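Reviewing the structure listed below.
What's counted below: heavy atoms across the whole structure, side chains too, no hydrogens, waters or symmetry copies. Lettering follows sequence order; numbering is per chain, from 1. Predicted model only: the values in this text are computed from it and were never measured.
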Amino acid sequence: MTDRYDPHRIESKWRERWLQDKLYAAKDDDPRPKWYALTMFPYPSGDLHTGHWYAMAPSDAAARYRRMKGYNVLFPMGFDSFGLPAENAAIKRGIDPMEWTYANIEHMRGQLQVMGAGFDWDREVVTSDPDYYKWSQWWFLQLYKQGLAYRAEAAANWCPGCHTVLANEQVVDGRCERSDDIVERRFLTQWFFRITAYAEELLNFDGIEWPERIRTMQTNWIGRSEGAILSFGVDVRGVDESLSVFTTRPDTVYGATFMVLAPEHALVERITTAEQRPAVEDYRLQASRQTEIERLSTEREKTGVFTGAYAVNPFNGERVPIWIADYVLVTYGTGAIMAVPAHDERDFAFARKHGLPVVPVFDHPDVDIAAPLEAAFSGGRTMVNSGPFNGTPAAEAVRKVIDYAVEHGFGEGTVNYRLRDWLISRQRYWGTPIPMIHCDEHGIVPVPEDDLPVELPKNVKFDPTGQSPLTQVEEWVNVPCPVDGRPARRETDTMDTFMCSSWYQMRYVDPHNPERPFSMEAARKWLPVDQYTGGPEHAVMHLLYTRFFWKAARDMGIVFGDEPMLRLFNQGVLLGPDGNRMSKSRGNVVAPDEQVSRWGADAFRCQLMFVGPWDQGGPYNPTGMQGIVRWLNRLWNLTVEPVEFADGVDSRELRRATHKAIEAATNDIENFRFNTMISRLMEHTTAMHRAREAGPVNTEAWNEAVSAALRLTAPVAPYITEELWERAGQRYSVHLAPWPEADPELTRDDEIEVVVQINGKVRDRLTLPASADEAAAKQAMFASERISGLLEGKEPRRVIYVPGKLLNIVL
RNA sequence: GCCGGGGUGGCGGAAUGGCAGACGCAGCCGGCUUAAACCCGGCGGCCGCAAGGCAUGUGGGUUCGAAUCCCGCCCCCGGCACCA
């Protein structure tokens, strides 16, 4: 059979065969070492786009490589299927969210199979299945028992477009991460997960190989800073509490010339004088109306209003005015600061604008502290204007001031984090119902575990009221109290979908377990994930939440080890052919289905991997597809066309090409360098082609070359290699065949080319036997007419020899 | 402003201290073909007749030797940003 390469015929054939044979099913009782490869599961938006292919096809290649290397590979796939688009489809077009979602899943599952990815479909997880979200609810109850899930009133981020609150992580530049609406602040009672309990541990990335980019982003998001809480007195009649401030510079406390509270600070109401009240009220109202965007657009102009009240510095008894200003955030620290204009830029700007005093409390070699300051400065030498602390060197200042504060009972050293608890309540229908019941008598009562899942009701009205559609389903909301059966009401909020994706990797290990989220044996067998791949857009949401979730589960004794994913690789962003982000409005979208129907899935996979380094992303090059198609055709022809064999033909050159390809390709795929890997595979097919055209080939060397080429190409182009493997008379399946090993003896060259430089410029090239040593190379160099001509009898000062590569004559 | 990534032919990119431009696209020349496509072979940084010189954003430095290491600057992409 010498017919031509027809991707469509062979791709559908093998796709069906693999599914039928469950070729990629991971077996729990396989004794070989396990490898858990995971790529982020998609939201079932309805269509698999090129971004999905770009994320998943290389992940698949890496998983296939591990399988061929002899690992028992778990490579599962599922759908993150709760979320707003389904509900928006319901509102806009009157379609049931469930029908919409499951139709999309059906379609996308087929598209994923077209890709030829070796997913274990027996383990598919769909987060909107009651079988799955039963366990999301179970996890919620466990977190509740541990005190890690709690309900609190707080200023929440309200997205007017999505009609729901958002976690801080989902607010980007004051806008909703999903809908881009400007986020409002609302005071609401909501459910939170206490991720801050793990703030310190989440800063530690020991034992995991994650990109620095992601570690830095998480570290910045958590935002640890060391400092102190200091208590100032409040000099207002009838107010008998102190004013706590967080500061990273307690050593500047003698320079605190005023205090600033966030406009929303609880104390403002009680300390404001009658005279100042109108101005304060006005400012607070203004601030509350301002969106985050407007706050940013004020160009850091330091606005604020005096409350009329004074605080007392506990260190020196000095009275300082208390202001309110929106540059102090109620959500950070204590929502109040001691302002030290001499040593803080923002305080300096505020003091200058409002005519407040500036008192330096450190001296500095470059600053005349007797004169009015031009700007705030840090990095002082010793303390000044600081009573008993005068003369204290900067290095000891913080510690001494904190010790003093502790001794006198008005402060202590502390660590503050920017990270806020994770707000998980959503006022939406299409999510996991929070399994709680509100009873007038017993308060908030968990749904008993035996009653899980709390299933979503059907036939719900979708009017965007700002209230969850669930509130209107009376027969669902009204339930007996689990304690005594009296009438009570269900919690109508559903969970943030990031909750569903925080533990999905655990469910894959035992996806059909009706008794538990997964068995201990399965967890011990498969967890944690060895290699996780996905987009960097999840750096501070999914990837932080899932680490928190894992650590909480570990502390409950449910999983073992400190981290859920040992290695993480983030692919870059694939751009349109014009170098811009793919978008419908730009008209630069590359549709995978179209590419597949033109070139086949193998070619599309390879082209995506060939365009550049995977972690860097970059523009998709549609014309470059030609090169991939030519290469696959050549591989096809080399395997199926008749070859003229002869015994006794020198096999060294062909074998060298084969073993060099094995060595290079292995090294590349090991490091996710698919672009250079494919280059090496192309070189190998070219070498095979030349060998065949040059005359009869050595039978064994040829067979070795074909076998290696097919196995090395199998991870990136699974269909064509399977077909050719069969046509080459090999045993099904190439994807279970062992990865070829390079023999270092065979990769060695017979001859080497040594470059001769004079003062670093190439002047000649010497071809020498591979065995040539330094002495031999130098001898050949001096024997070169070209070189001796250029030297004109001059004596080299030095000759540098790089073994097997280069000689550099220094004159 | 801070943090991270990046800047190399017409294009995507390769080379992480040792021959800059692997591999591929596009282009050009040639072969095959009645012809075209496919396929095959070859040529492709700039200046120069040549010898040679100049070339990896830019200016310095280290080195026998720098795309690669160090310092300054410019530009692009991503993230964070009044965090006390």
Side-chain angles (χ1 to χ4, degrees), chain A residues 4 172-173 211-217 219-221 223-225 227 245-250 252 256 260 262 295-296 298-302 325-329 331-340 343-347 349-350 416-419 536-537 539-540 572-573 575 577 579 581 606-607 610-613 615-631 633-634 637 664 673 675-683 686 689-690 693 753-765 796-811:
Chain A
R4 296 174 61 117
V172 177
D173 288 338
E212 185 186 302
R213 180 168 49 150
I214 304 296
R215 298 200 313 258
T216 307
M217 281 166 80
T219 302
N220 291 343
W221 188 259
R224 181 185 200 273
S225 52
V245 298
F246 172 73
T247 175
T248 55
R249 292 294 306 278
T252 62
V260 185
R295 275 199 188 192
L296 290 173
T298 55
E299 293 289 316
R300 308 190 177 195
E301 182 73 12
K302 293 285 179 293
D326 63 8
Y327 81 93
V328 173
L329 309 173
T331 49
Y332 185 77
T334 62
I337 62 163
M338 63 176 203
V340 184
H343 303 292
D344 181 282
E345 254 178 69
R346 295 151 302 174
D347 296 345
F350 192 86
N416 196 54
Y417 301 91
R418 287 172 55 190
L419 182 69
E537 68 274 17
V540 289
V573 180
L575 306 171
R581 257 173 204 278
C606 289
Q607 175 62 6
F610 190 60
V611 288
D615 57 347
Q616 276 175 35
Y620 179 74
N621 177 3
T623 58
M625 185 65 92
Q626 287 302 340
I628 294 292
V629 171
R630 280 179 196 139
W631 166 56
N633 267 303
R634 183 170 267 192
N637 295 336
R673 291 196 296 255
N675 56 331
T676 49
M677 184 204 186
I678 289 173
S679 300
R680 303 316 290 249
L681 299 177
M682 287 172 167
E683 283 173 338
T686 303
H689 175 78
R690 297 232 160 104
E693 297 303 299
E753 191 184 70
V754 174
V755 168
V756 183
Q757 299 182 330
I758 296 176
N759 286 338
K761 306 236 183 248
V762 179
R763 288 293 182 257
D764 200 7
R765 293 153 199 278
R797 282 198 293 149
R798 267 171 85 187
V799 176
I800 284 144
Y801 177 64
V802 182
K805 279 187 177 167
L806 177 137
L807 280 161
N808 189 16
I809 302 169
V810 187
L811 289 179

Could you tell me whether B/rG44 is syn or anti, where syn means a glycosidic angle within 90 degrees of zero? syn

Just the rounded figure in Å: distance from P of B/rC19 to CD of A/Gln757. 7 Å

Rounded to the nearest angstrom, tell me the gap between atom CE in A/Met682 and atom C1' in B/rA22. 12 Å

Whole angstrom is fine here: how far is it from CZ in A/Arg797 over to P in B/rU63? 12 Å

Its glycosidic angle compared against 90° from 0, B/rG9 adopts the form syn

Using a heavy-atom cut-off of 4.0 Å across all strands, would you classify A/Arg673 as base, sugar-phosphate, or nothing? nothing

With C1' as the reference atom in both, quote the distance from B/rG24 to B/rG13 in angstrom, rounded to an integer. 9 Å

In whole Å, measure the gap between the P atoms of B/rG57 and B/rA66 for me. 15 Å

Picking from B/rC64, B/rA84, B/rA81, the nucleotide nearest the side-chain atoms of A/Leu329 would be B/rA84

Classify A/Asn220 by what it touches in the nucleic acid, base, sugar-phosphate, or nothing, heavy-atom distance under 4.0 Å. nothing

Find the partner of B/rC46: check Watson-Crick (N1-N3 plus N6-O4 or O6-N4) and G-U wobble (N1-O2, O6-N3) distances, both under 3.5 Å, and reply none if neither fits. B/rG53

Below 4.0 angstrom, N of the basic side chain to O of the carboxylate: do A/Arg690 and A/Glu693 qualify? no

Let me know the distance between CG of A/Asn808 and P of B/rG17, rounded to the nearest Å. 18 Å

Under 4.0 Å between any heavy atoms, over every strand shown, what does A/Glu345 touch: base, sugar-phosphate, or nothing? Just pick one. nothing

Write down the distance separating the P atoms in B/rA20 and B/rG52, rounded off to the nearest Å. 14 Å

Tell me which nucleotide, if any, is Watson-Crick or G-U wobble paired with B/rG1 when both distances must be under 3.5 Å. B/rC80

Please check this pair: side chain of A/Arg418 against backbone of A/Asn220, looking for a donor-acceptor N/O pair closer than 3.5 Å. yes

For residues 799-811 of chain A, which side-chain N or O atoms pair as donor and acceptor with protein atoms under 3.5 Å away, sequence neighbours left out?
residue: A/Tyr801; atom: OH; partner: A/Gly804; partner atom: N; Å: 3.3
residue: A/Asn808; atom: OD1; partner: A/Asn759; partner atom: N; Å: 3.4
residue: A/Asn808; atom: OD1; partner: A/Gly760; partner atom: N; Å: 3.0

note: A/Asn675, atom CG; B/rG24, atom C1'; distance rounded to Å ~ 11 Å

I'd like to know if A/Lys302 reaches the base of B/rC82 with its side chain, counting only an N/O donor and acceptor under 3.5 Å. yes

Take A/Gln607 and A/Asn633, find for each the nucleotide of RNA chain B with the closest heavy atom, and name the residue whose nucleotide sits nearer the 5' end. A/Gln607

Taking only the side-chain heavy atoms of A/Thr623 (C-beta and beyond), determine which of B/rC25, B/rG53, B/rA84 contains the nearest atom. B/rC25

Picking from A/Thr252, A/Thr248, A/Thr247, what satisfies side chain to side chain contact (heavy atoms under 4.5 Å, CB included) with A/Pro250? A/Thr247

On the nucleotide B/rA55, are OP1 or OP2 found under 4.0 Å from the side-chain N or O atoms that A/Lys761 carries? no

A/Ile758 CD1 to B/rG52 P, in whole Å, measures 11 Å

Using the P atoms only, state how far B/rA37 lies from B/rA26, rounded to an integer number of Å. 13 Å

With P as the reference atom in both, quote the distance from B/rG65 to B/rC75 in angstrom, rounded to an integer. 32 Å

Sugar-phosphate means primed atoms, P, OP1 and OP2; the rest is base. With that split, encode nucleotides 40-51 of chain B 5' to 3' as B, S or - using protein heavy atoms under 4.0 Å. SSS---------

Expressed as a whole number of angstroms, how long is the span from A/Phe610:CZ to B/rG13:P? 11 Å

For a quick check of understanding: with a heavy-atom distance under 4.0 Å over all strands, which category does A/Val755 fall into, base, sugar-phosphate or nothing? base

With P as the reference atom in both, quote the distance from B/rA22 to B/rG45 in angstrom, rounded to an integer. 9 Å

Work out how far the C1' atom of B/rG9 is from that of B/rC25, and round it to whole angstrom. 13 Å

Between B/rC40 and B/rC47 - C1' atom distance, rounded Å: 35 Å

Considering only nitrogen or oxygen atoms on both sides, find all protein atoms under 3.5 Å from nucleotides 4-6 of chain B and state each distance.
none

Reckon A/Pro536 touches a base, only the sugar-phosphate, or nothing at all at heavy-atom distances under 4.0 Å? nothing

